[in-house]
Amino acid sequence: MVKIAVLGCGTVGGGVFKLIKQNANDIEQRIGQKVEVKKVLERDADKAHSIGVTTELCTSYDEILQDDEIKIIVELIGGTEFAYDCIIKAIEAGKNVVTANKDLLAIKGEEIFSLAKQKGVDICFEASVAGSIPIIGPMQNVLCANTFSAIVGILNGTTNYILTKMNDFGLSYEEALKQAADLGYAEANPSSDVEGTDAARKIAILGSLAFNSRCTLSNVYCEGITKIVEKDIILAKKLGYTIKLIGMAKEKDDKIILFVRPTFVPMSHPLASVNDVFNAVFLKCDAADEIMLYGRGAGEMPTASSVVGDVMTICNSIANNTTGQHGLDCYKQKEILPIGELESSFCLRLRVADKPNVLAGIASELGNRGVSIESVIQSPVPDVDMASLTIITHKAKEQALQDAISSLKEKEYVEKAYIFMCLDKTN
Ligand code: NDP
Ligand code: HSE
């Protein structure tokens, strides 16, 4: 019997209790021993009882730390303060840890993983990226012979749910966000979903794993979905794209670039058909070439699937006396490039005065910086002598485009100018 403690009886904690109970017999057969939740830490007793917790609740975390029978602590509280203390103290007490806490790992990963290694305990975190999708395990195990060059993903269930509902069903942003929160997909503070921070944390974790070099939240260029307007969605559709919040980590010449941003994804790209709460991670590597993993990116039972899987992995490590092997060691130090170094094609959206020489002025601002135009669509804005311009560029450096936009914004004929990155197979 392996005895564990669970911290937090919210959405994911609730799923973990259900799954351990529901599949108890198979879990025991597969790992050769029973898993028992011996202690629970949750400040809201009613919440714990409502999800079927019968174990007495601890009044302090020390009760768990001091219990020598508890070998694994499952941290499902979230946040970076109390959860940080819990994880550090667990490792110091020689306990193995399972966590879904990307907030913490994306900023304190180095400290947590090196302490775990030093103390010879496992720290497993499959649920921290893309909910139910097995991505950490495959990258660390069956794909570990590969050199990775890029990871592109839809890494946040809440925003993908919102974009799908806005795109396919015409729901308002507010209605769609409320539904995602009611379904348990959103973070305690959903601004981290919609501002892109949650996906940025996940791409930092995946970047660290893929390139063996520590990437943190502060290394990720991040834009959320709050500025997308209905007109952008309609335009993308007309041009054969769909807008997705894309996270990407790519390596070139030993340097890494990481970002999260709303992106025009061509309908022919496999990521375009990933909808609702589903996430997908597209990997490019030297031997396996291209792989895409797909599944539910958030929610009670999908996330519990990853958490309980990690608990079972550690049970096997304990049985084989091999703890201390699961973590995220980074043995290289690679330079992080600023977003201006990104090369891609872009969709430039402008609202401009509808008069002579405007198009020529814009073309020359772009051309002078080496940005070549692939196509232009102009449509009049009714009643105001303005025009809406959509310019798709050929592949260009983002810095060149940003410089052109800064200069264009100074012109009296430009009212608005912003870009979307366009994804293609070469990104
Ligand atoms: P919830 O907010 O639903 O659950 C967290 C639970 O922890 C709440 O019951 C909360 O109680 C309790 N808690 C918070 N602080 C303390 C404390 N100091 N002492 C005791 N209990 C405390 O969050 P989720 O279950 O959604 O998320 C948990 C973790 O999993 C987070 O790190 C999240 O990012 C991650 N995650 C979530 C996914 C999802 O789909 N929801 C998917 C993947 C990862 P109270 O309500 O009283 O504050
Ligand atoms: N809030 C997150 C999401 C939970 O919507 O993807 C899963 O990490």
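Below, each value reflects all heavy atoms present in this structure, side chains not excepted, and no hydrogens, waters or symmetry copies. The shown structure was predicted, so the numbers you read here are calculated from the model rather than taken from an experiment. Indexing begins at 1, ligand by ligand and atom by atom, following the structure's order.
The shortest heavy-atom distance from G131 to ligand 1 is not under 4.0 Å. Assignment of E75 to the shell around ligand 1 is not supported, since no heavy atom sits closer than 4.0 Å.
A salt bridge between E187 and K102 is present, with a side-chain N of the basic residue lying under 4.0 Å from a carboxylate O of the acidic one. Taking a cutoff of 4.0 Å between a charged side-chain nitrogen and a carboxylate oxygen, K119 and E92 do not qualify as a salt bridge. Ion pairing of R296 with D276 is absent here, as no side-chain N (NZ or NE/NH1/NH2) approaches a carboxylate O to less than 4.0 Å.
Among protein heavy atoms, the minimum distance from atom 26 (O) of ligand 1 is reached at T11 CB, 3.6 Å. Nearest protein neighbour of atom 48 (O) of ligand 1, counting heavy atoms only, is R43 NH2, 2.7 Å. For atom 41 (N) of ligand 1, the closest heavy atom belonging to the protein is G184 O, 3.1 Å. The protein non-hydrogen atom at the shortest distance from atom 25 (O) of ligand 1 is V12 N, 2.8 Å. Protein heavy atom nearest atom 12 (C) of ligand 1, with residue, atom name and distance: E42 OE1, 3.4 Å. The protein heavy atom nearest to atom 32 (O) of ligand 1 is G78 CA, 3.3 Å.
Short contacts between ligand 1 and E187, defined as distances under 4.0 Å to a heavy atom of the residue, involve ligand atoms 33 (C), 34 (O). Residue G8 has at least one heavy-atom neighbour below 4.0 Å for each of these atoms of ligand 1: 6 (C), 7 (O). Close contacts between ligand 1 and F82 involve ligand atoms 17 (C), 18 (N), 19 (N) [criterion: under 4.0 Å to a heavy atom]. Of all atoms in ligand 1, listed by their number and element, those nearer than 4.0 Å to a heavy atom of K102 are 33 (C), 34 (O), 35 (C), 36 (N), 43 (C), 44 (C). With ligand atoms numbered from 1 in the order given, ligand 1 contributes 43 (C), 44 (C) to contacts under 4.0 Å with heavy atoms of A127. Close contacts between ligand 1 and L76 involve ligand atoms 5 (C), 6 (C), 7 (O), 28 (C) [criterion: under 4.0 Å to a heavy atom]. The ligand atoms of ligand 1 that sit less than 4.0 angstrom from a heavy atom of A298 are 40 (O). Which parts of ligand 1 touch A100 is read off a 4.0 Å heavy-atom cut-off, strictly below it: atoms 30 (O), 32 (O), 35 (C), 44 (C).
Of the protein's heavy atoms, at least one falls inside 4.0 Å of atom 9 (O) of ligand 1. Under the 4.0 Å distance rule, the nearest protein heavy atom to atom 23 (O) of ligand 1 falls outside the cut-off.
Put simply, NZ on K39 and CD on E69 are 8.0 Å apart, with the number rounded to the nearest 0.5 Å. Between the CD1 atom of I70 and the NZ atom of K95 there is a distance of 6.0 Å, given to the nearest 0.5 Å. In this structure, the separation between CD on Q179 and CD on E174 is 12.5 Å, given to the nearest 0.5 Å. Here the OG1 atom belonging to T80 is positioned 11.5 Å from the CG atom belonging to L105, to the nearest 0.5 angstrom. In this structure, the separation between CD1 on I64 and NZ on K38 is 10.5 Å, given to the nearest 0.5 Å.
Every protein residue with a heavy atom nearer than 4.0 Å to ligand 2 is included here: K102, N156, G157, T158, Y185, A186, E187, D193, D198, K202, G297, A298.
Taking the six-membered ring where tryptophan is involved, the planes of F282 and H269 are tilted, since the angle between them lies from 30° to 60°.
In E230, the CD atom is not crowded: 12 or fewer heavy atoms of neighbouring residues, nucleotides or ligands sit closer than 6.0 Å.
Not less than 6.0 angstrom separates the ring centroid of F346 from the ring centroid of F420. In summary, the aromatic rings of F259 and Y221 are positioned with their centroids too far apart to meet the 6.0 Å limit. Checked against a 6.0 Å centroid threshold, the rings of F148 and F211 do not count as neighbours.
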Test salt bridge (charged side-chain N to carboxylate O under 4.0 Å, His left out) on D289 and K284 and set out the steps. CA-CA 6 Å; D289 193 20; K284 289 187 188 180; over 6 Å; no
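Of the candidates N156, I77, N101, the one placing a heavy atom closest to atom 13 (N) of ligand 1 is I77.
For K47, every heavy-atom contact with ligand 1 shorter than 4.0 Å involves the side chain, none the backbone. Contacts of C9 with ligand 1, taken as heavy-atom pairs under 4.0 Å, involve the backbone alone.
Side-chain atoms of N146 come within 3.5 Å of backbone atoms of A288 as a donor-acceptor pair (strictly under, hydrogens ignored).
Both the sub-6.0 Å distance and the 45° axial angle are not jointly satisfied by K416 relative to the ring of Y418. Cation-pi check for K89 over Y61 is not met; the charged atom does not lie both under 6.0 angstrom from the ring centroid and within 45 degrees of its normal.
For G299, a nitrogen or oxygen atom sits less than 3.5 Å from a nitrogen or oxygen atom of ligand 1, counting backbone and side chain alike.
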